[in-house]
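Only a predicted model underlies this, so the values are computations on that prediction, with no experimental measurement involved.
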Amino acid sequence: MEFDDARDGMADIEARQAQAVREAASWRWPRWYVAATAALMVGISVAMDFGQNPATLIVVYCCGASLLQIPLAARVRVRLHRSRRTFRVNWPLAALLLAVAAVYVLARTTLGAVGAPLPSTLAGLLMAGAYAAGLPLAQQMTARRLLAAR
């Protein structure tokens with residue numbers, strides 16, 4: 001193999017890697033996924049207000065969220081190799097999940113303390129709103145980190 005052929009081959013590999021990273025960074029969460037996740041959050045919250053067992057509802061939520069991953073994974077066009085820096089890139093999405101959980105707990109505690117009707121339902125609506133509002137920001141931060149890491 002000639003030196004020029006090797007250089008051309010490496011340039012082609014780097015160009016394809018850069019294209020894959022750009023495509024992964026431009027990926028957006030589908031609306032159906034966001035809507036289904038928010039509906040799952042609100043549905044579980046409503047069920048908690050009507051005396052359902054919280055442990056059962058947690059299992060239902062986890063199963064529902066897991067089942068949503070099947071069509072979501074089929075929709076992903078670019079699969080990047082697993083990196084040791086995954087958390088450095090994806091921490092905004094992890095922070096969003098923690099923030100959404102904190103919104104629910106704080107809202108539920110506050111609404112319960114003031115005696116609001118259906119406190120879990122109202123807290124669930126706030127949680128779903130925080131999720132839908134925070135997801136675009138978390139996605140933008142993740143995309144910037146992904147592009148910077150390449």
**OP:** Kindly work out whether a path of hydrophobic side-chain contacts (I/L/V/M/F/W/Y, heavy atoms less than 4.5 Å apart) joins Leu122 to Leu57.
**Re:** no
Subject >> Val60 with Met48, same ILVMFWY side-chain cluster at under 4.5 Å >> reply: yes
**OP:** To the nearest 0.5 Å, tell me how far Leu135 CG sits from Leu93 CG.
**Re:** 7.0 Å
Original post:
Does the side chain of Val103 come within less than 4.5 Å of Tyr131's, by heavy atoms?
Top reply: no
Original post:
For the atom pair SG (Cys63) and CG (Leu68), what is the distance rounded to the nearest 0.5 Å?
Top reply: 11.5 Å
**OP:** Group every Ile, Leu, Val, Met, Phe, Trp and Tyr by side-chain heavy-atom contacts under 4.5 Å, then state whether Leu111 and Val100 land in the same group.
**Re:** no
Original post:
Under a single-linkage rule joining Ile, Leu, Val, Met, Phe, Trp and Tyr whose side-chain heavy atoms are separated by less than 4.5 Å, which residues share a cluster with Leu67?
Top reply: Ile70
Subject >> Derivation and outcome, side-chain contact (heavy atoms from CB on, under 4.5 Å), residues Thr37 and Tyr61 >> reply: CA-CA 9 Å; Thr37 302; Tyr61 178 79; 4.2 Å; yes
Subject >> Nearest-0.5 Å distance, OG1 of residue Thr142 to CH2 of residue Trp91 >> reply: 8.5 Å
Subject >> Connected via hydrophobic side-chain network under 4.5 Å: Ile44 and Leu125 >> reply: no
Original post:
What distance separates Met41 CE from Leu126 CG, expressed to the nearest 0.5 Å?
Top reply: 12.5 Å
Subject >> Shortest non-hydrogen separation from Ser45 to Gly124 and the atoms involved >> reply: OG-CA, 3.2 Å
Original post:
For Pro136 and Ala133, which heavy atoms make the closest approach, and how far apart are they?
Top reply: CD-O, 3.5 Å
**OP:** Tell me whether Met127 is reachable from Leu40 by hopping between hydrophobic residues (I, L, V, M, F, W, Y) whose side-chain heavy atoms are closer than 4.5 Å.
**Re:** yes
Original post:
Can you list every pair that meets side-chain hydrogen bond (donor to acceptor under 3.5 Å, both in side chains) and has a residue in residues 93-111, with sequence neighbours left out?
Top reply: Tyr104-Ser120, Arg108-Ser120
